[in-house]
Amino acid sequence: MNINLFSILSDVDTNVLQSLGLPDTTTVALNLTVSQLTELALKRGEGVLTEAEVLMCDTGTFTGRSPKDKFIVRDALTEKAIWWGAINQPIEAKQFEQLHQRMLASLADQSVFVRYVKAGADPRYTINIAVVNELAWHNLFCHNLFIETSADERANFTPDWTILNLPSFQADSTIDGTRQGNFTIINFSKRVILIGGTGYAGEMKKGIFSVLNFTLPRQGVLSMHCSANVGKAGDTALFFGLSGTGKTTLSTDPDRQLIGDDEHGWSDQVFNFEGGCYAKVINLSAEHEPEIYGAIRPGAVLENTRFSPDTRIVDFADQSVTENTRTAYPLDYIANRANPSVGPAPRNLFFLTADAFGVLPPIARLTVKQAMYYFLSGYTAKLAGTEVGIKEPVPTFSACFGAAFLPLHPFAYADLLGHHLEDAEVPVWLVNTGWTGGSFGTGQRIKLAYTRAVIRAALTGALDTVDYQILQPFGLQIPKTCPGIPTELLDPRQTWARPIDYDATASRLERAFRQNYETYENPAGGSTSESLFS
Ligand SMILES: Nc1ncnc2c1ncn2[C@@H]1O[C@H](COP(=O)(O)OP(=O)(O)O)[C@@H](O)[C@H]1O
Ligand SMILES: C=C(OP(=O)(O)O)C(=O)O
Ligand SMILES: [Mn+2]
């Protein structure tokens, strides 16, 4: 193997590289700097530079994760432990082996970008990861999203896990056991993640999330699909939610230190798994989301956005490639961040839901029993396609607000959450960041400023002293007043032109909740419907 001139060989142990199994003729560019990766990505035609000097790349055919092409190797370690089904699909060790070997062999005479990174900001649970990328910009993504290693750590690096990501490599479904050319395969025994046939960078971060969702609960640590921030009083808040519900947007709050925007563990403290954020940028504005807007500076990566050819200024309204346009930036690009990214045990939990039916209230206080029910339900709504015409919202239930990433049965996570809630009496709030005044089509999305206001009211204790009423048919406790939001928005029924239409839609949604929950009464389990980008 050739080690590329770019790497600083004195601070690495070449045994690690040897153990990756790369062919002798592969050139390895090891732990390159941000500017080296940017320069190489541009030279190799992987992307272009925006006016703000940010690397902008396309992910290709796949502009989101592909849950149907995700597999877990079935062997002695996983056979009994994994919650097999539509989400956790098995693949045989032999198939993994031959695919892995073919991927490595394809790298003869090629170059790869290797990086030593970490995941898990609580040192007791940190894992070392060696990432092997075909693309320079993917390696930069990993620099931004995972936790950086120090020179000392790199010199004595032993990877716990390896990611091999070759977007141009297609599997052969007739022999590899995949569904089609693209794949994400996790092998818990070998501690390897193979990714191929897709350029969507999110597969890497969510791959490691799936790994930690397997290993941490087995060590008694709850792993969570949530964002987290902490106030000056050390009052940590967690924001659970499926894709598009506001985890990233709402945790990025200038008044509170950001811990992280997507993946956390709850041991005796809250800790981020990651070292960066992956924010949606569709219709992003400096006015409404100044911190995220400001984080798009040199070193950040933009995905699937477009700019004006004359000015090279990005048009965030452009969804010609996808609605799922993104930016990846390190936590350091947010001024008010917790460093290291940990916080005390949480004082408030928020369950975010983007209810396109306009049924759920802007905020409700949940009982412990309701909290468990809403956690296991993991409700949000997705809009059926982005094509023109009438779009009927489809209710989506994804256990623990992240079933796509959970190798274990949802009860494994719910049990751990239940223990935490019993121990600490943490208030749990349901927040609808979706529609008000009617369903999608007639109503409108609740203003971000109002969602921020109800969250602030919960965090400051303002909602501890107001009167509540019960919203049926859900039996939810909703505040009668709340600072920062018009009183008439607090009761969703009153926001509809015809409250009887609300009642009909609400009972449909309530029925969907019950039907979904029935899967838990049936021990065969099975998976709930899943959003592609959840
Ligand atoms: N009331 C609201 N609350 C939260 N987000 C909102 C609201 N209204 C519009 N949005 C937009 O919805 C999107 C939420 O996405 P994001 O924060 O990335 O969700 P997640 O991180 O949970 O996937 C952002 O583009 C945000 O600007
Ligand atoms: C990064 C992702 O998560 P989210 O949409 O929740 O930000 C993803 O699902 O690819
Ligand atoms: Mn997010």
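Everything quoted here is computed from the prediction, not taken from an experiment. Remember, it's 1-based here, ligands and their atoms both numbered in the order they're listed.
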Taken by chain and residue number, the protein N/O/S atoms under 2.8 Å from the Mn ion (ligand 3) read Thr248 OG1

Taking atom types as modelled and ignoring hydrogens, do the side chains of Asn229 and Asp253 form a donor-acceptor contact shorter than 3.5 angstrom? no

Asp355 side chain vs Val359 backbone, donor-acceptor pair below 3.5 Å: yes

Lys280 touching ligand 2 at heavy-atom level, < 4.0 angstrom: yes

Name the residues in contact with ligand 1, where contact means a heavy atom under 4.0 Å away: which are they? Leu242, Ser243, Gly244, Thr245, Gly246, Lys247, Thr248, Thr249, Lys280, Glu289, Thr433, Arg445, Ile446, Lys447, Leu448, Thr451

Residue Tyr200 vicinity, atoms of ligand 2 by number, heavy atom under 4.0 Å: 8 (C), 10 (O)

Distance under 4.0 Å to a non-hydrogen atom of His225: what atoms of ligand 2 satisfy this? 6 (O)

Pairwise distance CG(Leu140) to CG(Leu37) - rounded to 0.5 angstrom: 5.5 Å

Given the rule in the salt bridge (Lys or Arg N to Asp or Glu O under 4.0 Å) test, do Lys247 and Asp261 qualify, once you have shown the distances and angles that lead to the verdict? CA-CA 6 Å; Lys247 293 183 300 298; Asp261 82 324; over 6 Å; no

Enumerate the atoms of ligand 2 whose separation from the nearest heavy atom of Lys247 is less than 4.0 angstrom. 6 (O)

Per the side chain to side chain donor-acceptor pair (under 3.5 Å) rule, which among Thr325, Asp315, Asp58, Asp318 passes with Arg306? Asp58

Could you list which atoms of ligand 2 come closer than 4.0 Å to a heavy atom of Tyr278? 1 (C)

Between Arg365 and Tyr468, is NZ or CZ placed under 6.0 angstrom from the six-membered ring centre and within 45° of the ring axis? yes

For Glu289 and Thr249, does a side-chain donor sit closer than 3.5 Å to a side-chain acceptor? yes

Test side chain to side chain donor-acceptor pair (under 3.5 Å), reference Glu303, set Trp137, Tyr200, Tyr278, output is Tyr278

Polar side-chain atom of Arg445 near backbone of Thr433 as donor-acceptor pair, under 3.5 Å: yes

Ligand 2 versus Leu242, non-hydrogen atoms closer than 4.0 Å: side chain, backbone, both, neither? neither

Lys206, any N or O under 3.5 Å of ligand 2 N or O: yes

Can we call the ring centroids of Phe411 and Trp83 under 6.0 Å apart? no

Flag the pair Phe209 / His225 as yes when their ring centroid distance falls below 6.0 Å, and as no otherwise. yes

Is it the case that Asn432 and Thr353 place a side-chain donor and acceptor less than 3.5 Å from each other? no

Below the 3.5 angstrom mark, is there an N/O of Lys205, backbone or side chain, next to an N/O of ligand 2? no

Do Phe273 and Phe271 have their ring centres less than 6.0 Å from each other? yes

